[in-house]
Protein chains: 2
Amino acid sequence: MRKQEITIYDVAREAKVSMATVSRVVNGNTNVRKDTRDRVMKVINRLHYQPNAVAQGLASKRTTTVGLIVPDLTNLYFAELSKGIDDIALLYKYNIIITSIENRLMREDQAIQGLLNKQVDGVIYMSDSLPEEAVEAFKRTDTPVVLAGTKDNHLEFPSVAIDYQKADTEALNLMYNDGKRNLALVLDNPETVVNTENRIPAYQQFMKEHKLGKGHIYSNIKDHSDGYNLYSQLQKDGVDGVIVTSDVSAVGILTSAIDAGKNVPKDIEIITANATQIASIVRPALTAIRQPLYDIGAVAMRMLTKLMNNEKVDEMQIELPYELLKKQSTSNN
Amino acid sequence: MRKQEITIYDVAREAKVSMATVSRVVNGNTNVRKDTRDRVMKVINRLHYQPNAVAQGLASKRTTTVGLIVPDLTNLYFAELSKGIDDIALLYKYNIIITSIENRLMREDQAIQGLLNKQVDGVIYMSDSLPEEAVEAFKRTDTPVVLAGTKDNHLEFPSVAIDYQKADTEALNLMYNDGKRNLALVLDNPETVVNTENRIPAYQQFMKEHKLGKGHIYSNIKDHSDGYNLYSQLQKDGVDGVIVTSDVSAVGILTSAIDAGKNVPKDIEIITANATQIASIVRPALTAIRQPLYDIGAVAMRMLTKLMNNEKVDEMQIELPYELLKKQSTSNN
DNA sequence: AGAATAGCTGTAAACGTTTGCACTTTTTAG
DNA sequence: CTAAAAAGTGCAAACGTTTACAGCTATTCT
């Protein structure tokens, strides 16, 4: 179906060299005499020869393609991570195959298998949850994987993230110092590693240390309306300070509180734990755990390039610094 | 570097058939006897055979991969389009290679060429601008292209979009009927086809028809702070109603107005022309030209699948219905 | 000058599939 | 029951590269 493309043979014939030499020129191999190189280059330019990446992939067993596994394209948290990944990928001349697994037709392990079939040179995994089958799929292959913005239970995989536990504790402390005593944790997916291993323990430990009782953990609050609708429950439970893992949900709670005639931060303080642009756009602006999302993506991709080239990587579990950005949804005294 | 994979030969040997037969089984070719098929399938499952998509691509000249060209991953407008594309791609079992061209290291035509080298079966182009080199690059190939959420000057390429001209006129009319007379147009990129051929003409014609003078067109207002900073100028120019093409910029104008102690919509009405989730999240919520972004993406991808299979496509220029969603940033009398 | 070495180029075998063609076996029809 | 048609299978040639390996040609060294 495709227009007949120019192949390496055409170039070889025109330049009166073998295809091997053309291949060497294309790949910047130094063992080519200057005038031969020039002659070949001239023909390449004249014919607009472009190597067929699929054939290159088959012959060289490297596709210069990396796979991205992401839960939701329209979640700015992942979009901002992706941007960092994309920039570094471009720098190192990798293409990106993106696989969204939000759609429940596509399970994590299927997504991984699909990418491996395409012979990607590496994978960046951004999903918050890492089910057992996904772990198995990764273990069956030599293709390197890096987790970005998440961690796995046993630190088996390289990852780039922040210290969620410390960040949350700091956030809780901020609200505590503002005099808030009925603190709650609002989670999107309660089963992610980050939540079960970091955020929930941090919350529980904080509550215990400060003798604040069991507290309240709300789950499955994923979008704006979830947050909006949750507010009445928060009111009922007398909650006066929340950490929210979904950025848009935090906005939902905020809006709902305001619509109910309440004052933020006086009646309730809100801290968003996975801040995106949105947190700073709304009014009152949300106090946020600002993760360096772009950097997390960039560092993860950089690490992946090293792994793909069998270069030494000194630190497999990277933690980047976060910032607790105080805005108007907490009082600033 | 890669762990030795199971090839079609291994399966053939174990199942005591030729590789051709295995290939037929894998591809669901009907000309295989039931018991042969079962035998082969058993071996495939036992060995966990997975076809190498790169080799398939080379042999069949179809990669079941489509390229996506998008200006900015973190712009929800494109993210929502992408989601529609992604869902349909999954349905038809295509993978997606995404290329962001925001980064100025990557020009449109280079992005296209890169995708073509990877032998994608088709391309969906979402960039707002379609430079001449990009057009040339597309014309050099047989690979089908569909424009999503944009159009080209001469309607040379299939596209899926809305009637921007009509939508804008309707939006202007809404503000006009609210008594606003100093209407302005706030553009992100003034050189896109949609803007030069649709939005600007619509604006100019409206102003002329209603004898409102030349009006004001502001350009290069692309992000939240651009919008925020623009407001003082709008005030200076006495603008009392704006259409804004960048969603976050619209929010910036809104926030800036409110911070300046103004009333929206009383002092200024704001309509966002490329609404995303954000428009409905902020307070006051923004009146918006709600484009069916998900559907535009989905329809574009569906059209592309047809083109890739040489199926007949009856309508090459598809216009989907939009909705002028009245919210709080315009008065509703 | 001759030998050793380095630089350059070509040959041909991979890489793992698909697919046209030919051949054999089975089914169908008369 | 036989001829013709259909179904099932295998062979081998693509697909367009990369890359050992070998060989040839300069260059360097003694």
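Note on naming: letters A, B, ... go to the chains in the order of the sequence lines (proteins, then strands), and numbering restarts at 1 for each one.
Each of A/R33 and A/Q50 lies near DNA chain D, and the nucleotide nearest A/Q50 is the one positioned closer to the 5' end. Both B/Y9 and B/S18 sit near DNA chain D, but only B/S18 has its closest nucleotide nearer the 5' end.
Residue contacts for B/N52: at a heavy-atom cut-off of 4.0 Å it reaches the sugar-phosphate backbone alone, with no base atom in range. Residue A/S23 is classed as a base contact, given a heavy-atom separation below 4.0 Å to a base. Residue contacts for B/V26: at a heavy-atom cut-off of 4.0 Å it reaches no nucleic acid atom on any strand shown. Contact annotation for A/V17: backbone-only contact, meaning every heavy-atom pair under 4.0 Å involves sugar-phosphate atoms and none involves a base.
Rounded to an integer number of Å, the gap from CZ of A/R39 to P of C/dC8 is 14 Å. In this structure, the CD atom of B/Q119 is 13 Å from the P atom of D/dC15, given to the nearest Å. At whole-Å resolution of the value, CD in B/Q56 and P in C/dT19 are 10 Å apart. Rounded to whole angstrom, the span from the NZ atom of B/K34 across to the C1' atom of D/dA6 amounts to 20 Å. One interatomic measurement links the two molecules: CG of A/N27 to P of D/dG16, which rounds to 17 Å at whole-angstrom precision. Rounded to an integer number of Å, the gap from CE of B/M19 to C1' of D/dC15 is 13 Å. Residue B/R62 contributes atom CZ, which lies 12 Å from atom P of C/dT18 at whole-angstrom precision. Note: CD (B/E5) to P (C/dC15) measures 13 Å, nearest angstrom.
Proximity note for A/A20 (side chain, C-beta onward) versus C/dG16, C/dT11, D/dT17: the nearest is C/dT11. Which of C/dT18, D/dT19, C/dG10 sits closest to the side chain of A/S60 comes down to D/dT19.
Checked for salt-bridge contact, B/K151 and B/E319 meet the test: a charged N lies under 4.0 Å from a carboxylate O. Salt-bridge annotation for B/D38 and B/K42: absent, with no side-chain N of the basic residue lying under 4.0 Å from a carboxylate O of the acidic one. Classification of A/R13 and A/D10 as a salt-bridged pair holds, one side-chain N sitting under 4.0 Å from a carboxylate O.
Distance check: B/Y77 OH to B/I296 CD1 gives 5.5 Å after rounding to the nearest 0.5 Å.
OP1 or OP2 of D/dT9 has not a single side-chain nitrogen or oxygen of B/N31 nearer than 4.0 Å. Phosphate contact (OP1/OP2 of D/dG16, side-chain N/O of B/K61, threshold under 4.0 Å): present.
Under 3.5 Å, the side chain of B/R24 and the base of D/dG10 form at least one donor-acceptor pair of N or O atoms.
A distance-only check finds no donor-acceptor pair linking the side chain of B/T65 to the backbone of B/N95 [under 3.5 Å].
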